[in-house]
Every structure is written in structure tokens, then in C-alpha cells.
Amino acid sequence: MEETIKIFTGHGHWSPLIWVAAALGTFSVALLLWLLGRREHKRGTDQEIPFLSGERMEEPRVSALHLYWGFAEALKPILTRLKTWHSGVVNDYAGWFLLILAVVFLLVIV
Amino acid sequence: MRRVAEVAATFALAFLVYLILTAFSGEVGLWSWEELIGGAALSFLVALASSRLLWERGGWRLLNPVRFATFLVYLVGPFLLAMAKANLDVAYRVITGRINPGIVRFNPGLKTDAGRTLLANSITLTPGTLTLEVDDATGDFYVHWINVSNVDPKPEDVCGSFPKWARVVAE
Amino acid sequence: MSVHAPILVIAIPLLGGFAVPILARIHRTVRDLWVVLIACVVAAGVGYVAAQVFSQGIWVYVLGAKTPQETRVSAGFPIRIMLTVDAMSAFMGLIAGILALAAFPFAVRFIPEEEGKTLALALGLLLLAGIAGMAYTGDLFNFFVFLEVTSIAACGLIGFRTWTSRAPEAAFKTMLLYSVSGLLFLLGIAFLYGEYGALNLAYISAQLRGSMVDRIALALFLSGLLMKVAAAPVHFWAPDAYGEAPAAKTLLLVVNTQVSLYGLWRILFTLYGGKLDAGVGWLVISMGLLTMAVAALMAIGQTDLGRLVAYGAVSQIGYMLLGVGVGLVSLTSRADYGLVAMKGGIFHMLNDALTVGLLFLCVGAVEWVKGTRDLRELGGLGHQLPAVALCFLLASLALAGIPPLNGFASKIMIYEGSFRLSPILTALAVLASILLLAVFARAFQGVFLGPRTEITGRIHWVFLFSMGVLAVGIMVLGLVPGFFVEQVVAPAAEALWRGRALYLAAILGG
Amino acid sequence: MIGNLPFVVCMILVALGLWTLVVKRNLVKLVIGVGLIESGVNLFLVALGYVQGGIPPIYTYAPADAPMVLPTPQALTLTSIVIGVATTALMLAFAVVIYRHKGTLDARKIRELRG
Amino acid sequence: MIVELSLAVAAAVLLGYVFVCSLRLAIGPTPADRAVALDTINTLVVAIMVLLGAALDLMIIMDVALVYALLSFVGTLYVARYLEEGLK
Amino acid sequence: MTIWAAMLTATLVMVVLTSVLAVVLRDLLAAALTLGAQGLLLALAFYLLQAPDVAIAQAGVGAALTTAIFLLAIWKTRRKEEE
Amino acid sequence: MTILMYVFLGIGALFNGLGAVALHRFPDVYTRLHGATKCTTFGSIFSILAVVVYGAARGGPLGMSMVIRALLALVFLLLTNPTGSHALARAAHRAGIKPFRAVVDRLEEVGK
Amino acid sequence: MTVVVRTIARVLLPLSLVFGGYVVMHGHLTPGGGFQGGAVAASGLAMVVVAFGADRLAKKKGLLSVLESLGGVAFAALGFLGLGLTFFANVLAKTGGLFGNPVPYGPNPGDLNTAGTLPLMNWAVGFKVLAGLGAVVLLFALFGGEHDR
Amino acid sequence: MNRWLAIAAFCLAGGFLIFGATTLRPFGEPKRTEMDDYFNRFSQPEVAANNAVTAIVFDYRGYDTLGEATVLFTAVTGVALVLRRLKK
């Protein structure tokens, strides 16, 4: 039984059972918190309206596109560079392939 | 009935070609049994597939052996001669560069597809002329003539006795 | 009959694919049942082959010989094509079988009923056959032929949605790059043939001395296959292709990529094993790192759900490259941590197939009910599709490597192996994982959370069955990873890592 | 006698095809480029199989005791040619459909899928 | 022996003509000119193949010439069809 | 240098020449035509290399079918390469 | 027999060369077609006839098969060559290529 | 296309089909085989398409598709025929019956009745290639004709 | 993508390809021909076919040909799929 579950890695081993237990524990804590909050939640009142930073939001939810806005902003230089790489022009893709071909040739032969 | 005749005629043609291709393969005459059987089967398939197209516009006259013989005579006789002349003509024009081209129209009065085709191809291969267009309705030939001597020629001016031969062979 | 199992696994889907247009003329239900039946037969067949190979070692099957075991004629060298199924091939076949089981029932319901459905199903079967053929063959040219089968079938499937302008574009780009890579692969084969006059992988492998011609051939193989597996600077076709193919068939595209990866391992380890310098290993590692980083970063800005998941799928390729690359580096230095990393990389192929497959099925289901995949228009689907939402959550957590799921089980091995080589590798890999977690959390939030919205279609139970197959696979692999690692993954990894001598011996004898 | 000229010519063809892929913007031109690589590889395979003074590996009416060229590359090339025509047909079909949608064959304008 | 050699020489001469025609293929101002050059090359190559088949004393490889004679026509027809209808 | 080698060399040179033409010509119709010529010369090269099987396949595919498909595709799209 | 073959070969080479030169000497498509079609067909006929003579002189099944194939190639050429030229010429005219220095153009007048 | 081209195409279609069939049938004796013969015959089809217009063959599309499938199934089935020994084993060669004649070693004029399953495979592939390449040309020629933008 | 980088990469790759062609054995003198000698010698006794190429294509490497037929079928299916008529 022990062997069927554990993975023996280079150093030690890893058993999913512990992690399942941990996940269950976390989940139960979260459930508890949620249930605690639920007692004071009343439908149809202002509580259902999202309320962020003192502003009432027009859109009733945070759009997926607006998550990690700051993160994306911070990575902007890299992301723009990457976007220009993914130019959509098939010639560029072929050029990259040629580059890889040259690099592999250099690496393998020289 | 017509369908059967079509298939049979196509079969004969295809089989003939096949026999020519595989001659000298065995001891039944020039062929071996396998070749004959396989060739017959193949020719039958081909006949089924292509007979309708082949005989769509008639052309049964061409099956007449006399016409066939005439065609061969025509091929090695006047046609080859005209071709030789044509080539010398082209040689002359290549060397001197003397041309006087134009596109003329004439009506040889041929009715059938086969006759028109024969004449058109003969014209293309013979002195100074190149068929550009054959009018389906009227039978007019439009010919690119490298040395226009007459703007509205008679058929004889352009292609000599070919229309006669074409009529004998194909009409 | 069981002695012919390897070839039947390939030939039956081929026959099935040929027959699909005929059967479609009888009735479309017959066609659908036939397709599902073939997929089940293939799944059973690869299972049987895998069981046999794992218990009894390499299975050689010589095509066209008097007996299946007649590897060499009296002259002492192999002349016929032979299937050589070692543990790694069987493992690859197993992946294909599982995903076929999930993909074909889904596809039968998912693809709208029109003229193209018959053709798409036929192409799917042929793609499956090509994948099996690539996995099982032991002949270089045969590998190329089936590579082209998969290329062309995959591109036909990518171009399925001809009414959009995006799908033909993606298909054209993919086909162009695929055919170039295939042709360079063929050029490599030609070089080796010109030098050694043989095409059998094992026979050539025994002859290789690392001369200049060998190196040139290696470079051609490597660049061709790196393109086909979507490694980083040449991965551009992959998001287009994954994103634009019909969702059910994207699963097969994923397996197609992985079987190309298998081909890369086969070339590097079995054909050239032990005669490489470490540079190639470092190339593979660096391209793996680049792949995961670039794809994870690119996934941040995506607004199309399919394309986002596609970038996620591409980034997973990086982990496999990293894991096996570490193994490749350690092969020359004879360090045994390489085996751990390789086990991780190879295990990750299975995990990736399951998780990415499940993700794409979820994308397909979302598209089925909403008619769009744009993240800006989606939202609130969790209320109507709780099962799909759960599957998506499960798969994205597994993809990002959250502990009790299977993705972590393989990633931990990759991390440990690469940590011994250089901690920087591990740090980068973990960073990419975290980035992916963020990306998929966002995708989940955008698609499934939020207020309830209108939906236009209903989920069919077949969809849930297909997703269920993969979800159960994910959970089982997550909960009892040790069993699979010991019984399935470890033999496959060892077959590549040190199994070259056995592979050669199975064909060339003693 | 003529050295490795045929091999070099094949490689030139392959390189020409690659060059086409990089610089030419027209989709049909790109397909032509792939076709050039294809023909280079085919020629390479057949050239590999040539034996000095050989005859085709067919015994029907063959002159006695002449060396035969190697048959395997020819078989491989046959397969390769079929694959080439299949690839060409499929790519041209995609190009035609792309033109139907976009009204252009310029690769720089066909970049809806980017980023 | 000398007979075969003369056949081969004739084929080589025709190959030289093919080169001359391919110049027209290169410079031809209109596509029609190029098509004419291609047609000419087709005919020449058929002749070359027949001559070489005789020169090498291999009857079987003359099948290639037959195939070529038959098929070059199809290509020419496509070009012609394209020229006359594609430009409208 | 035997006559055979001379012919092979000439054919190969012409193959390269027509290939270059097929790449550089802006008129796609002309490019397809030169590609047809290239296929034809390639068939001749195969013929010279004693591979009649391959030569027949190349003749059938290169002379008729590839040209036909290319021309049909150009017909359905447009003839000139845009600049 | 051998002499005949040499003569045929010479004629074939001569006229084929004429055809090739004609491609460059003539000013427009139609005249080039004249030269090319006639000369190369004629030249090829003689080249092939040389092979026929060679095969007949050689004799045996091999030689006779050679003769048959050469003759078939000849037939195919005779069938296809003029037709191809005709199709090309017509297409060129329809594509709007004017004949060089034409004294008369009836086809244009009809408005085809 | 004019009457000249049509008439010649009418004559050349059976010729090319016969010739393609010849190449297929003699695949094991002379250069050629299933693919080459199929390509020759498919060129005949392409010639019909160009000379008479694609609409004429539009109805044959289904037939071609079925023929191709049948060719593929037949080829794979011939492979399965060898399963008594191995897949693709040439079980008919040198058994005496159909296609079972043995061949003496060395140059010989050739005999149609040899080579086991090879001729059958040639036929299967020939039909398949004929149908497949013909269908490709036909599909290209038909595209855009019947559906509007 | 930088144009000069592409040119450099092309020169490098093309140079290596041509270099590879020159390092290969001389043209016309294959080094190892065991397999092909076997085919040439035994295609008649084993397969009873005069044409060794066909013997290889359909017997020794018949499985490849199955793959090739699959490629063709796949391509035709793909073309039919891409050029199909869409229901409005």
C-alpha cells in the first residue's frame, strides 16, 4: 500500500495522502468562514452589490480581463516584446525555424 | 443498343492500344494468355468508363477501315511532304526574319468534329499557318498566317488540298 | 491473433478511417457507432500491448516476414520494416488510447451534422492511426511516413471550421511549418541512409560513430522535431492550431505533439544515445525553460479561452523538455538524478495529456452552450454547468501543479531532478507554474463565476462521460501516483535512459 | 567524375526553398518554396542510390551482368513524392479558402492570429 | 557501340536546345511566351527520353517518355485554359 | 567527363535555374509554369539517374497534376504577387 | 541502316535546333508558336524515327518493343502537339495579346 | 475549349486510361506501379475537367470518394490477408495459383502471372490514386462555382 | 524578426547543408549496400517480381506504402473538408 501511493523522488518521497488531508483541512476552514459570513448575508439588500474602495461599481462583477492589471503592467516591456515575436506572419515563423536550424547546426557540429 | 455499340467500339480501340503496347510478350501470336485476359478486362473497364464521352458527338465513320487506310496514306504522303515544306519555310523565316503575319478567316465547309479536328491539326503543322479558333456553329476557321498574301483567302490558298483529304477521311 | 496486436492497433483505425465515408452512406448512426467502436478497440489494443510489454519486455513484430519474430534474414541485418514496442512506445500508445476513448465519443456529439462531419471523423481515426504508428515503429522512414500522416490529418482537422477566417489561416501556417519540419527530418534520414545504407533504427544506432554525417543528420532531426513539438522559438503554430481546431479534436493534436516528443526522445536516446555531448541536452533544457516562460507569459494577455488554454498546453511541453533534457545531460555524466527527472518528464506527458485534454473538452462544452469563447462575453456559467466548472477547476489546478493532483506528482520529480543539476532551472520552472496558476484562476473566474447568464445549448451526457474519463484519470493519478510511477513510468524512463542496449539486442540479437 | 555535384545541387534546392519561405510574402509562393525543398530532398534520395554505370533495378529485358542502382531510395522517393503532392494540394486548398475570406494572399495581411 | 554513342550525343544536343528554350522561359515577356517555351521543352524532353532509352539499350525506361508525351498535354491545356479565362 | 555526366550536370544546372526562376518571378502564373518546367527537368534527372519508376511518378505528378492544381488555385485566387 | 539512322538523327537535331532558335528570333507569341510547334514536332519525329530504325536493326523482342514504344510516343506527340499549340494560340488571343504587325485580324473583328 | 481540343481529349481519355492501366498492371515487370498508373489515369480525368468543364464531372464526386475508400480498404485488406504469417506477408507468391508463378533469377522478359499479392495491391493503390488525385483536381475546379461568398 | 539575423541564419544553415553534402561519400559510390544488394538479389526468388522497386514498395516495405496511401487519403479528405460546401 505504501508503495502504491508514494513517489520516491531523488531526495525523499512525496505522498498525496498528506496533501489530501491538508486540502480537506483548508477546505473545511474555508467552508467554516463562508458559513460564518452566510449567517449575516441577506438576499435582496445592498449586500449583493459589489462595493470596492468606496465606489459603487457599474458592472456587477470584476471582469476577467481586469485581474492582474498591475501585474501585466509591470511585465509590459517583456510582454510587448513577446507580442511582437508572435507577429502572425508566417515568414517570421519560418525565419525563427531557420534560426533554430542554424543554432542547432552550430551546436552539434562545431 | 447504341450504348452497347459504344462500349464495344471503345473496347476494341482500347484493346488494340493495349495489344500494341504489350506486343512480343508471349507465344499466343505475339502475346501471352495473361496479357490477353488482363488486357481484355482492363479494356472493358476503360470502355465502361469512357465510351459515353468518346462517342458523344458521333464519329462512327472513322471505324471504317477504308477511311483508316486513307488516313495513313494521307499521313505519310501529302502531310509529311507539307510538313517538310513547312519546316523549310520556317527555317527560311528564322534566318531572314521576313514575316508578314495576320489572322485570316476561311470556311472549308467541314461539318463533323473529327474532320474539323483533323484539318485544324494539319493546318497547325503545315506551312506558315496556325489554327487559332474554330467556330462551332459556322465551321469558320480563324488562322494565323505568317505570310499573308490575300486578306480574304480561299481554303486552297491557306492549306492546299487538306480540306479535301479531311473530307475523304472523316466525313 | 494476439501475436499481431501491435500491428492491429495501427491497422484497424486505418481500415476504420478508410471505411468511414462508405459507412456514412449507409447511415450516420452506423458511422458514429463505428467510430466509437474503433476508438474502443484501439484503447483495448494499446492496453493489451502495454500489459504485455511491461511484463515481458520489448515486443518486436516484423512486417511481411514469415514469422513475426524474424528480425534478421540470413545475411544478418534487418531488411524489413519492424515494429519495436518497448516500454516507452507502449506508454505513448497508452496515452493515445486513453485520449481516443475520451475524444471520439465527444467528437461524435460535438461536431455539427453536415458534410464535413464524416470527413472530420475519418481524419480523426487516421490521426489516431498515425499516432499509434509513430509510437510503435522501429524504422526511421516509417516514422517519417506516419509523421506526415499525423501532420496532414491534424492540419485537415485544424482547418475544419472553414466558415471562419481564422481556422484556415491557422491550418495553413501549421501545415507549412509541419511540412518543412517533416522534410528536414526526411533529409536527415537520407543522410543516414547514404552513410549506412540502412533504415532500421536499431541497426543504424549500432553503426553510429559520431562522424560528421551523423552530426548533420542529428541537427536535421533535432530541428525538425523541435518544430513539431512546439518548443519555444518555433512554437508559434501551436496556439493557433490548438485554439482553432474543434475542441474534441484538439485532444488528438495534443497527443500528436507528444508523440513527436516521443520521437525526439527516441532519436536522442535510442538512436544517438551515449554518443552525444552535453550541448544537446542543454539545448533541450534551455528550449524547455524558454517554452514554459514564453507560453505562460503569453497566456496572461489572452482574451480567447481556447487560445489561453492552448498557451497553457504549450507551456507544459516545456516541463517535459526540461525533465528529459536533464536526463539527457546526466546521461553523459552518468549521474542518477537524471533518471528521476526523466521519470518526471515522462510521467508529465501522461498528466499533461489528461489535464490539457480535459481543459479542451471544457472549452468545447463552454463553446457548445454559449457559442463563443471570448472571455469578455463569457461569465456565470458555474450556475448552469457545475460539472464542467468542477472539471475545469480540477484540470487547471492539476495543470498548475497544485499538490494533491497529478500535475504536482510529475512536476515534483522534474523539480528534484533539475535541482540537482542547477537550482536556477527549478526556480524558473516553479515561477512558470505559479504564473500558470494565476492565468487559470483568472480564466476560471472569467468563465464560471459571476452572475447567471443565458445559455443557448444543453450539455449532452456524452460530453460528461468524456470529461469524466479524463477527470477520473487525473484524480486517480493524483491519489496513487506511486503505483503508476513504479509500474508504468519507471520502465518507460529506463527504456530510454539505459535501455538502448536492450533495444538493439532485441533486433540485432545478442 | 563530377564529384558531389548532385548532392550539392540538392542542398542548393533545399536552401532555396528555405529562403523562399523566409522572404516571399505570397502564400502560393510559400507553397512553391515547400515544393522546392521537396524536390531537393527527392533528388537527394535518388542521387544517393545511384551506382556508377548502373542500370535500373528491373530484370525485364535487362542487359546481363550490369550493376544495378540501389532500389531502396527509389522506393522511398516514390513515397516522398506522394506525400509532397498531398501536402501541396492541402496547402493550396487552405490558401484558396483564406483568399475567399480575406481577399488577399499577402502573408503580412493574414495575421488575425497573433499575440 | 558507336551507334549508341551517337544516339546519346543527339540527346545531349537536344538537351542543349532545352537550355536555349529555358532562356525564353526566363525572359518571356508574357506568360504565353513562357507557355510556348514550356511546350517546346516538353516535346524536346520526350525526344531526349526516347533517344536515351535507345542509347542505354533499355527498352523499359522508354515508358517514361510515353507517359510524358501523354501528360505534358494536360499541363499545356491547363495553362491555355487559365490564360483564356483567368484574365477576364 | 563522359557524355552521361555532362547531361546530368546540365540537367541539374537547369533544375536549379528553373527553381530560381520559380522563386523570383512575381507573376504567379509564370512561377507555376517554371515550376512545371522544373518538375519536368527533375523527371529527366531521375531518368538519367536510372530511376524510371520515380521518373514516371514525377512526370505524372509534376507535369500534369501539380501544374493543374497550382493553376486552379491561382485561378481561384489572384495572379499577381502583391508588393 | 546505320546511315539512315544518322541521317534521321541529323535532321532531327537540325530542326529541333531551328525550333529552339525560332523561339528567340520571332517577335511575338504566334510566330514563336509557328516555329516551335512545327520544327520541334518535325525534329522529334525524325529523332524518334532514328530510334525506330535503331530498334528495327537491333531486332528481337527488345528491339521491336523499342520500335513500338517509339512509334507510340510519336503518335502521342502528333496528337497532342498541334492541339496544345492551338489551345495556347487561342488562349493568347483571348487573353488580349495582339499579333505583331498584323496586316489583318479577322478574329478581332468578329469580337471573340 | 474548342472542338479541336475536345475531340482530341475524347480520344486521349481512353488512351490515358489504358496506358495508366498498363502501367498499373505491369508494375512488377516494368517501371511503374499503382501510384504511377493512377497518376496517369488521374491526369486523364484532369484533362476531361479542363476540356469539358468541371460541372460535367460534378456528379461523379461521390463515386470518386467511394472508389477511393474502396481502394484504401482493399489495400489494407490485402495487408490483412497475410495475417496467417504476418501483416503484409506475400502469401500468394510462388504458390502456383493466381499470381503464383515463380520467376527464374536474372534478366528475363517477364510474366504477368507472378509476384503474389503485388498486382492486386497495385490495382488497389491504382484505383485509390486515380480516385484521390482526380477528386482533388475536381474539388479545386468546382470550388467557388456553386457557392457564393 | 530582424532581417539581418534571418540572412545570417540562412547563410549559416545553407552553408552547413552544402558542407554536409560535400562530406558525404562520393556520388555514385555507395559505401554500404548490404540491404540494397539483398533486395536486388532476392526480389526475384522471394517475391517473384522483376521490378525490385515495386518489390520493395509493396512487399519489403509494404507497410510504408500503406502509410503513403493513408497520406493520400488523408490529403484528399482534408481537401474535401476544406473545400466543402457549407450549409447556409
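So you know, we letter chains A, B, ... as the sequences are listed, proteins then strands, and number each from 1. Below, each value reflects all heavy atoms present in this structure, side chains not excepted, and no hydrogens, waters or symmetry copies.
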Heavy atoms only: give me the nearest [X]-[Y] pair and the separation to one decimal.
X        : Y        : value
C:Thr164 : D:His101 : O-NE2, 3.1 Å
D:Leu90  : C:Cys155 : CD2-CB, 4.4 Å
D:Val34  : C:Leu183 : O-CD1, 3.9 Å
D:Leu48  : C:Ala190 : CD1-O, 3.1 Å

Do [X] and [Y] have side chains that approach each other closer than 4.5 Å (heavy atoms only, starting at C-beta)?
X        : Y        : result
D:Leu70  : C:Tyr193 : yes
D:Val31  : C:Phe172 : yes
C:Phe144 : D:Ile83  : yes
C:Ile189 : D:Leu45  : no
D:Thr87  : C:Tyr178 : no

Side chain, backbone, both or neither: which part of D:Leu18 has a non-hydrogen atom closer than 4.5 Å to chain C?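 For D:Leu18, the contact with chain C is made by the side chain alone.
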Contacting moiety of D:Ala93, where chain C heavy atoms sit under 4.5 Å: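 No part of it gets close to chain C.
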To the nearest 0.5 Å, tell me how far [X] [atom1] sits from [Y] [atom2].
X        : Y        : atom1 : atom2 : result
D:Phe94  : C:Leu176 : CZ    : CG    : 11.5 Å
D:Met91  : C:Lys173 : CE    : NZ    : 13.0 Å
C:Ser179 : D:Leu30  : OG    : CG    : 10.0 Å
D:Glu38  : C:Leu187 : CD    : CG    : 11.0 Å

Between the side chain of C:Glu169 and the main-chain N/O of D:Ile98, is any donor-acceptor distance below 3.5 Å?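 The answer is no, because no donor-acceptor pair under 3.5 Å joins these two groups.
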Looking at D:Val97, D:Leu27, D:Thr79, D:Ile37, which makes the most heavy-atom pairs under 4.5 Å with chain C?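 The candidate making the most pairs under 4.5 Å is D:Leu27.
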Only pairs of heavy atoms separated by less than 4.5 Å count here; which of D:Ile110, D:Val41, D:Leu76 has the most with chain C?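 Looking at each of D:Ile110, D:Val41, D:Leu76 in turn, D:Leu76 comes out on top.
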Walk me through it: do C:Phe141 and D:Thr72 pass the test side-chain contact (heavy atoms from CB on, under 4.5 Å)? CA-CA 11 Å; C:Phe141 190 76; D:Thr72 316; over 6 Å; no
